[in-house]
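This chain uses plain numbering: 1 for the first residue, then up along the sequence.
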Amino acid sequence: MDVMEYLREAAAQHGPSGHEAPVAQWLKQRFEPLCDEVTIDALYNVIAVKKATIPTRDGSAAPRVMLAAHQDEIALMVADILADGTLRMGQVGGVDPRILPAATVTVHAGQRRLTGVVGATPPHLLGAQAQRENYRREDLFVDVGLPAQRVREWVHVGDLITLNGPATPLLNDRCASKTMDDRACVGCLLEAAERLQRMGHLCDVYFVCTSQEEVGCKGAATAAYAIKPDFAVALDVTHATIPQSRPDTTVPLDAPALTYGPFIQHKLLERLKAVAREHGVKINTEMAARGTGTDTDMIQIAREGVPCVLIDLPLKYMHTTVELLDTRVLAECGRLLAHFLSDLTEGWDKDLWI
């Protein structure tokens, strides 16, 4: 897979939580040449099924493995239209107001796409105390450059506002853009699906691009209930090391991170580590003392419970328009996934709980 080409296209898609239909259709088309069946469910989860290519010796049903990465993105929403035609903002998911001043955005006004800028009162016009404080979302506004009357004709409260951040290649195989969280990990699924075209596997693989993760992992919960997987692998981004970050809160940018903790099935984790060693995939590890804050948390409690492992893709500057990653690590995540599935043998679950 051409990782940079994928990231450029992914960053150009609009799909805030609860409004994933356009990006879901785009992803459906990406998975169709690689899988046997691709559907979009009622919550816009994209579910791409790749049937087992190796039959079980006793004729039993193939194990079902769910791979999950979320397609939705953080965004804003029109909360009010002011007298001068500027817009106040609500939010969809966790948007830090500190990243917004001077940003460019797209206002989704029906079929129109209006480019806007996020403005704020200049520091020259603020009092001394206000100059020392961070902007709040309530202090900011979107200016689309139109007369107030035209804004009121075209824009309505509740219209979406998405952040602009095209994929920007950097040196050393790095790339920065919006929506790396978590469409970069959807790219890992595509990389794995492409590799599995040339590899045998005895499991039915369900590649799931989940919806509504940024507002509570709702898509993962419903998809896991419908699929009823024997086990699942979730993929999401994690914080990469930046200046002044504490070592226990970040991981190096140079390799996938495998998570351990109470929500992770430890025997599956050991199997994943063994596969990484066998195939020369460099890994980091990190801890989630309680919940992981990812789709894992909802998948593992679906129905009677689903054994889960979590692969994290290190990312700098999370929840901004310049989320930065190493494209080689994205490809390595896909390679690790493909080998994990291809190396699965009958009896994989015999010692899972002992």
Side-chain angles (χ1 to χ4, degrees), residues 65-70 74 93-94 96 173-176 179-189 191-192 210 213-214 216-217 220 231-301 306-320 322-341 352:
V65 181
M66 176 177 173
L67 310 180
H70 72 89
I74 59 171
D96 187 339
D173 295 301
R174 308 289 166 81
C175 181
T179 68
M180 294 287 196
D181 176 11
D182 189 35
R183 290 183 199 150
C185 287
V186 175
C188 299
L189 301 189
E191 176 74 17
T210 61
E213 191 274 348
E214 297 290 358
C217 306
F231 71 89
V233 183
L235 293 94
D236 211 327
V237 293
T238 190
H239 299 285
T241 305
I242 59 175
Q244 300 178 334
S245 59
R246 298 199 321 269
D248 62 333
T249 61
T250 62
V251 296
L253 193 68
D254 65 350
L258 308 186
T259 302
Y260 62 93
F263 286 25
I264 305 300
Q265 214 295 322
H266 58 97
K267 290 290 184 69
L268 281 179
L269 177 59
E270 291 305 313
R271 182 185 290 271
L272 188 56
K273 288 180 180 178
V275 170
R277 287 192 299 271
E278 181 176 348
H279 295 281
V281 180
K282 181 180 178 181
I283 58 171
N284 295 304
T285 57
E286 65 177 338
M287 178 186 72
R290 294 180 66 84
T292 68
T294 72
D295 281 339
T296 310
D297 302 353
M298 297 302 290
I299 296 170
Q300 61 111 23
I301 57 171
V306 179
C308 288
V309 286
L310 171 61
I311 301 175
D312 285 324
L313 180 63
L315 183 80
K316 293 184 177 183
Y317 324 127
M318 194 182 299
H319 280 203
T320 72
V322 291
E323 296 175 332
L324 186 151
L325 54 70
D326 188 322
T327 59
R328 295 167 298 187
V329 178
L330 187 159
E332 283 292 89
C333 281
R335 186 166 76 91
L336 176 59
L337 268 180
H339 283 297
F340 187 53
L341 298 169
L352 202 61

Problem - Worked verdict on V237 versus L325 for side chain to side chain contact (heavy atoms under 4.5 Å, CB included) - result: CA-CA 10 Å; V237 293; L325 54 70; 5.9 Å; no

Handout entry: From CG (L313) to SG (C333), nearest 0.5 Å
Key = 5.0 Å

Fill in the blank from the handout: What one should report as the nearest heavy-atom pair of G293 and E213 is O-OE2, 3.4 Å

Handout entry: Reported NE2-to-OG1 distance for the pair H70 and T179, which is rounded to 0.5 angstrom
Key = 10.0 Å

Completion exercise
Nearest heavy-atom approach of A288 to P262 is O-CD, 3.3 Å

Exercise for the section: Name all residues meeting the side-chain hydrogen bond (donor to acceptor under 3.5 Å, both in side chains) criterion together with R246; count only those two or more places apart in sequence or in a different chain, and write none if there are none. Expected result: D248

Practice task
For the residue pair H279 and H339, categorise the inter-ring angle as parallel (less than 30°), tilted (30 to 60°) or perpendicular (more than 60°).
Solution key: parallel

Practice task
For the pair E332 (side chain) and P256 (backbone), establish whether a donor and an acceptor sit closer than 3.5 Å, ignoring hydrogens and angles.
Solution key: no

Fill in the blank from the handout: When rounded to the nearest 0.5 Å, the distance separating CG of L310 from OG1 of T292 is 5.5 Å

Practice task
Decide yes or no for L189 and L235: does some side-chain heavy atom of the first lie under 4.5 Å from some side-chain heavy atom of the second?
Solution key: yes

Practice task
Indicate yes or no: at least one non-hydrogen side-chain atom of L258 is less than 4.5 angstrom from one of K273.
Solution key: yes

Problem - Non-hydrogen side-chain atoms of H319 and E214 separated by less than 4.5 Å - result: yes

Completion exercise
One should read off an interatomic distance between D236 CG and T296 OG1, to the nearest 0.5 angstrom, of 7.5 Å

Fill in the blank from the handout: Test side-chain contact (heavy atoms from CB on, under 4.5 Å), reference V251, set T241, I283, T238, L315, output is T238

Exercise for the section: Output the distance between atom CE (M66) and atom OG1 (T210), rounded to the nearest 0.5 Å. Expected result: 7.0 Å

Exercise for the section: Kindly compute the distance separating OG1 (T259) from CG (D312), expressed to the nearest 0.5 Å. Expected result: 4.0 Å

Exercise for the section: Over all heavy atoms of both residues, which pair between E323 and D181 is shortest? Give the atoms and the distance, please. Expected result: OE1-N, 3.0 Å

Practice task
For the residue pair T249 and H239, establish whether any side-chain heavy-atom pair is separated by less than 4.5 Å.
Solution key: no

Handout entry: T320: partners by side-chain hydrogen bond (donor to acceptor under 3.5 Å, both in side chains), with sequence neighbours left out
Key = none

Problem - Main-chain N/O of T327 paired with D173 side-chain donor or acceptor, under 3.5 Å - result: no

Problem - Over all atoms of both residues, closest heavy-atom pair of C308 and I299 - result: SG-CG2, 3.7 Å

Problem - Validation row: I242, T250 side chains within 4.5 angstrom (heavy atoms) - result: no

Fill in the blank from the handout: Residues passing the side-chain contact (heavy atoms from CB on, under 4.5 Å) test with P252, sequence neighbours excluded, are D254, N284

Problem - Nearest atoms (heavy-atom pairs only) where L330 meets A184 - result: CD1-O, 3.4 Å

Exercise for the section: Could you check if a side-chain atom of C217 sits within less than 4.5 angstrom of a side-chain atom of D297, using non-hydrogen atoms only? Expected result: no

Problem - Close side-chain approach of V309 and R271, heavy atoms under 4.5 Å - result: no

Exercise for the section: Kindly determine whether D295 and D182 satisfy side chain to side chain contact (heavy atoms under 4.5 Å, CB included), including the steps that lead there. Expected result: CA-CA 11 Å; D295 281 339; D182 189 35; 5.9 Å; no

Exercise for the section: Show your reasoning for whether side chain to side chain contact (heavy atoms under 4.5 Å, CB included) applies to V281 and R335. Expected result: CA-CA 8 Å; V281 180; R335 186 166 76 91; 3.3 Å; yes

